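Note that the structure is a prediction, hence the values are computed from the model and not measured.
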Amino acid sequence: MTPGQQVIRQWYKQKSWQQFPFQKEMERTYLAGNSGLLNAPTGSGKTFALFLPFLADFINKHPDYKTRQNNGLQMLWITPLRALTNDIRKAMQEVCDDLGIPWKIATRTGDTPAAEKAALKKKLPEVLLTTPESLHLMLAQKDYPAIFKSLQVLVVDEWHELLGTKRGVQVELGLSKLKVLGIPPEDQSHKTRLKIWGISATIGNLEQAADVLLGNDFPPENIKMVRANVEKKLVIKSIIPENVENYSWAGHIGLKLLPQVMELVAKSKTTLIFTNTRSQSEIWYHAILDNYPEYAGVMAMHHGSLDNELRNWVEAALHAEALKVVVCTSSLDLGVDFRPVDTVIQVGSPKGVARFMQRAGRSGHHPGAISKAYFVPTHSMELLEGAALKQAIKQGIFESRDPMLLAMDVLIQYMVTLAVSEGFKADELFKEVKSTYAFADLTSKEFSQLLDFITNGGKTLAQYDEFLKVEIENGVYKVFSRRVAMRHRLSIGTITSEMSIRVKWLSGGSLGTLEESFISKLKPGNTFWFAGRSLEFVRIKEMSAYVKKSTAKKGLIPSWAGGRMPLSSQLSAVFRDKLDEVAHGIEKDEEVIALKPLFDLQKQLSHLPQSHEFLIESFKSREGHHLLFYPFEGRLVHEGMASLLAYRISRVKPASFSLAMNDYGFELLTDEDVDIEQFLEDADFFSIEGLLDDIQHSLNANEMARRRFRDIAHIGGLVFTGYPGQQVKNKHLQASSSLLFDVFSEYEPDNLLVRQAYNEALAFQLEEFRMRMALQRIVKQNIILKHIDRPTPFAFPIMVDSLGREKLTTETMEDRIGKMARQYGAEGVGIEQNKKQRKPGVTRKKGF
DNA sequence: GACCTGCTGCGGGATG
């Protein structure tokens, strides 16, 4: 046994650390000099599984480690979350202290005080924990090669969180530089000099995750996968409404099940209630306080628009077991260890298997404990998602994280980062960049375009000094202007966000942030609920909304505009399988049994499609002719497909459509009588032939790309968002990126950033790939067209969805749904007054 | 008169 191993064994023993087989395997693999990916869940001791072998290795190489000083930076540990760097630092420091290793473990993030950052520059710790953004800030420092010259190992923690995002691309680019630092280009030994390890939770594409992390030039024989296979007992239970027929057919808040949820809360020590949106968190918190006032004081809320201070307090209180229930969004998905949590409740569809597993894992969060998670449907059909979730988990189906490719905006930022510090030579950098997974297909022509762009502003911006950032001196691309350098450092990163307004007490102190659109609706004296408190709006001053405490029981609850997550393609597929079972009369899941009356009604009014069938419902009301399609493929695909089909119909027979969709299907509504049979006979109706062209015509692709371009321009450094504390007004930002988009589109059609904007819109907004797969599936299915008299259980939620954002009436949503149900149910067909309500809203888009 | 979708994450200059 080597000295290093002895020391490690001693630590294992002292801590009576439970050794999983994977920890020994990790140690062996690491000490053999490999790189790769460690697949392990949080709370399995994954940090030590990497840190201890690293220590052992170091001690073996430096027997005099106890007296040795100034080793230089040995290990760089990258995490997606600032909070994680601190947690892990503490744990590592404890190991070093225990073993008498005189090391200082440090963190470097945006939280690090300026003095400490300066100290880090002078004397480096042996281990540094940081974020992708801070890594790039370090690369923007002069003499950065000296910082990393002794680096032995690089760990990217929670790699699955970064993979698939531009932050992941940032990590790839950073690594491509660290791999070659201090090594002449002709020397090949660099490929294994630096050990690179990723840590990832289970995702559908682990092998690819390893490839992306290590890049194209890493010797495959040195890439290893270590799997924890930590057996995690997971119990999942759907909360089934007493009477599914009377439970909402549509809706998304789920408060009707509050009593059942609170029964669970009462039985548990500590419960996390996950909701899908921030406003839903606020609504649930409020509802609990109203109906179960005894929870005041032992209940808290946690979401991304609350002040950090508040959130830290909640996390600390959870640790201290001072809270009985926390209502939260995915802000609690990651990171900190919540040992005392024993019950997790998910309200509404989690939309993906992996996300649900992640949340479920928050309960019983220590090795050997059983995780308990409950699923609360917010409308009847969603209950089937509960059955699908269980099935998917049983089969081990997980979503993949698809790596981003050719993100030119991130590359431009990185090129300027290097130009700001040491400068770069074009051919060397091209080779490095090509070694990343993201830019493997980058052509030298494209790279030249980018070089031209940062030095001359490309074809169109040449006469504006603003865009001439980088100069060439002796073949080295460098930034000489201090102003450019400073502004660039200020805008490193790939996360862009909307302008928000800080909510502050009149008496001082801040609660969190709201959106301008919400605040603008308020008049002084109005009350609203935020952060679980009743507040009175006083005034707005310098991007802050000042409030004071209110005693009003009622008030507005804010909503925020955010991403619209569709049902994942994996969960959709299992959902369709479940539906197929239902159509075949298989009733083994409790959810399916509960839903039987609803399915019977669907069958009676229309049809229950099997997996080889595609159901279309057609029905006429005074509103017009409704056509309902059910691909069960997630709302983004449905949005695109609805426009596509509307376009294909209108090409033959001019008609104007309004569109509505949810995760299960979509509706085309038109005044005209459409002979749908005629189109269904046409083989081209669902064809992928000419798909891209038709998408261009049917959707406002320009607008979608323009919106995407706003972020791209920001990341690529084309628009400056202002100095800290004095931000450029959002409107200006919008205008200038929009202007640039127009200029490029007109004068420079091959502009790489504009092209990227279109590609991103296609891939992320339309999920074009998934739509293509869905169309190909539909073409092979038997089309079942049913003429129905009134909305079916499948149709109803889609039609309600289109009313959702109607705000001109004082009726509550519930009233309106009730009215709609009565009218359709009792009178059969048609409602005059709803016609006026069906205005194009956010989801109901005007077609042609 | 008003609750009725839409998550999360980072970072921020320098001198004598």
Side-chain angles (χ1 to χ4, degrees), chain A residues 79-85 108-112 114 117-118 130-137 140-141 158 161-162 165-168 170 248 250-255 274-284 286-287 303-305 328-335 347-352 355 358-359 378 420 482-497 518 521-522 526-529 554-566 635 662 720-727 800-801 803-817 842-843:
Chain A
T79 80
L81 220 62
R82 284 187 299 228
L84 283 179
T85 60
R108 199 264 184 237
T109 68
D111 288 344
T112 312
K117 279 181 195 162
T130 188
T131 58
E133 287 79 8
S134 282
L135 168 62
H136 277 250
L137 278 163
Q141 262 173 44
E158 309 282 355
E161 283 293 326
L162 295 165
T165 70
K166 289 185 182 177
R167 299 183 79 197
Q170 233 180 344
S248 319
H252 53 265
I253 300 295
L255 274 180
F274 279 100
T275 64
N276 280 339
T277 69
R278 287 164 277 181
S279 64
Q280 199 179 4
S281 277
E282 299 270 355
I283 291 167
W284 268 77
H286 194 176
H303 66 67
S305 288
C328 59
T329 64
S330 55
S331 55
L332 275 190
D333 261 355
L334 200 66
V347 179
S349 166
K351 308 278 185 195
R355 187 177 296 111
Q358 172 93 278
R359 290 179 182 177
T378 56
V420 159
R482 287 243 306 269
R483 181 166 167 275
V484 168
M486 190 182 94
R487 280 166 63 134
H488 181 74
R489 287 199 191 96
L490 284 168
S491 53
I492 280 180
T494 60
I495 300 171
T496 56
S497 51
F518 177 78
K521 282 192 294 193
L522 298 176
N526 283 5
T527 56
F528 65 102
W529 280 78
K554 288 215 157 203
L556 271 179
I557 290 186
S559 65
W560 291 261
R564 291 186 305 177
M565 291 172 290
R635 65 172 306 130
N662 67 9
F720 182 58
T721 42
Y723 293 93
Q726 36 175 318
Q727 283 173 338
V800 168
D801 199 50
L803 302 177
R805 282 159 197 80
E806 179 57 55
K807 281 173 187 158
L808 295 176
T809 152
T810 55
E811 286 174 296
T812 66
M813 192 66 190
E814 204 174 319
D815 288 343
R816 259 182 286 152
I817 294 173
V842 178
T843 47

Quiz item: What is the minimum heavy-atom distance between A:Q280 and A:H252, and which atoms define it?
Solution: NE2-O, 2.9 Å
Quiz item: Just checking A:G110: base, sugar-phosphate only, or nothing, at a heavy-atom cut-off of under 4.0 Å?
Solution: sugar-phosphate
Quiz item: Of the candidate nucleotides B:dG13, B:dC3, B:dC10, which contains the atom at the shortest distance from the side chain of A:M486?
Solution: B:dG13
Self-check item: Atom-to-atom span, NZ of A:K554 to C1' of B:dA2 - whole angstrom
Solution: 10 Å
Quiz prompt | Side-chain donor/acceptor of A:S330 to base of B:dC7, under 3.5 Å | solution = yes
Self-check item: Distance below 4.0 Å between A:S491 side-chain N/O and B:dG12 OP1 or OP2
Solution: no
Self-check item: Spacing of A:L81 atom CG relative to B:dC7 atom C1', expressed in whole Å
Solution: 13 Å
Quiz item: Across the strands shown, which category fits A:A485 at heavy-atom distances under 4.0 angstrom: base, sugar-phosphate, nothing?
Solution: nothing
Practice problem: Might you work through the side-chain contact (heavy atoms from CB on, under 4.5 Å) test for A:S305 and A:W560, ending with a clear yes or no? | Solution: CA-CA 9 Å; A:S305 288; A:W560 291 261; 3.1 Å; yes
Quiz prompt | Closest to side chain of A:H252, choosing from B:dA2, B:dT5, B:dT8 | solution = B:dT5
Exercise. Using the closest heavy atom to pick a nucleotide of DNA chain B for each, name whichever of A:S331 or A:T130 lands nearer the 5' end.
Key: A:S331
Quiz item: Under the 3.5 Å rule, do the base of B:dG11 and the side chain of A:R82 count as making a donor-acceptor pair?
Solution: no
Quiz prompt | Closest approach of A:I492 to A:L137 (non-hydrogen atoms, all atoms of both residues) | solution = CD1-CD2, 4.0 Å
Self-check item: Nucleotide B:dT8, atom P - distance to CZ of A:R564 in whole Å
Solution: 17 Å
Quiz item: Roughly how many Å is it from CZ in A:R278 to P in B:dC4, rounded to a whole number?
Solution: 16 Å
Quiz prompt | Selected nucleotide, minimal atom distance to A:L490 side chain, candidates B:dG12, B:dA2, B:dT5 | solution = B:dG12
Quiz item: Is a side-chain donor or acceptor of A:N662 paired with a backbone partner of A:R635 at a separation under 3.5 angstrom?
Solution: no
Practice problem: Please work out if A:R108 contacts a base, only the sugar-phosphate, or nothing of the nucleic acid, heavy-atom cut-off 4.0 Å. | Solution: sugar-phosphate
Quiz item: Which listed nucleotide (B:dC10, B:dC7, B:dC3) is nearest to the side chain of A:W560?
Solution: B:dC7
Practice problem: May I ask you to say what A:H303 touches in the nucleic acid, namely base, sugar-phosphate or nothing, with a heavy-atom cut-off under 4.0 Å? | Solution: sugar-phosphate
Exercise. Give the nucleotide from the list B:dC3, B:dC7, B:dC10 with an atom nearest to the side chain of A:E133.
Key: B:dC10
Quiz item: Counting any heavy atom closer than 4.0 Å, what does A:I283 reach on the DNA or RNA strands: base, sugar-phosphate only, or nothing?
Solution: base
Quiz item: Within less than 4.0 Å of OP1 or OP2 of B:dT5, is there a side-chain N or O belonging to A:T275?
Solution: no
Quiz prompt | Whole-Å distance separating the CZ atom of A:R483 from the P atom of B:dA14 | solution = 16 Å
Quiz item: Given B:dG11, B:dG12, B:dG9, which nucleotide is nearest the side-chain atoms of A:K117?
Solution: B:dG12
Quiz item: Which sits closer to the 5' end of DNA chain B, A:M565 or A:D111, going by the nucleotide each is nearest to?
Solution: A:M565
Quiz item: Reckon A:G555 touches a base, only the sugar-phosphate, or nothing at all at heavy-atom distances under 4.0 Å?
Solution: sugar-phosphate
Quiz prompt | A:T131 side-chain proximity, nearest of B:dG11, B:dT5, B:dC3 | solution = B:dG11
Self-check item: Distance below 4.0 Å between A:T109 side-chain N/O and B:dC10 OP1 or OP2
Solution: no
Practice problem: Identify whether any heavy atom of A:T378 sits under 4.0 Å from a base atom; if not, whether one sits that close to sugar-phosphate; answer base, sugar-phosphate or nothing. | Solution: nothing
Quiz item: Which listed nucleotide (B:dG9, B:dC7, B:dG12) is nearest to the side chain of A:I495?
Solution: B:dG9
Self-check item: A:Q280 CD - B:dG6 P separation (whole Å)
Solution: 10 Å
Quiz item: Does A:T85 use its side chain to pair, donor to acceptor, with the backbone of A:R82 at less than 3.5 Å?
Solution: yes
Quiz item: Base of B:dG13 relative to its sugar, syn (within 90° of 0) or anti?
Solution: syn
Quiz item: Is there a side-chain contact (heavy atoms from CB on, under 4.5 Å) between A:F528 and A:I557 once you walk through the steps?
Solution: CA-CA 6 Å; A:F528 65 102; A:I557 290 186; over 6 Å; no
Quiz item: Does A:S559 make a side-chain N or O approach to OP1 or OP2 of B:dG6 shorter than 4.0 Å?
Solution: yes
Quiz item: Whole Å only: how far is the CH2 atom of A:W529 from the P atom of B:dC4?
Solution: 16 Å
Practice problem: May I ask you to say whether A:R167 pairs ionically with A:E133, meaning some side-chain N is under 4.0 Å from a carboxylate O? | Solution: yes
Quiz item: If you look at every strand shown and take non-hydrogen atoms under 4.0 Å, does A:L137 touch a base, only sugar-phosphate, or nothing?
Solution: sugar-phosphate
Quiz item: Has A:R355 got a side-chain N or O lying under 4.0 Å from the OP1 or OP2 atom of B:dT8?
Solution: no
Exercise. Have a look at A:T277 and say if it touches a base, only the backbone sugar-phosphate, or nothing, with a 4.0 Å heavy-atom cut-off.
Key: base
Quiz item: Please walk me through it: do A:K521 and A:N526 pass side-chain contact (heavy atoms from CB on, under 4.5 Å)?
Solution: CA-CA 10 Å; A:K521 282 192 294 193; A:N526 283 5; over 6 Å; no
Practice problem: From the options B:dC10, B:dC4, B:dG6, select the nucleotide whose nearest atom is closest to the side chain of A:R635. | Solution: B:dG6
Self-check item: Distance in angstrom units between A:N276 CG and B:dC3 P, rounded
Solution: 21 Å
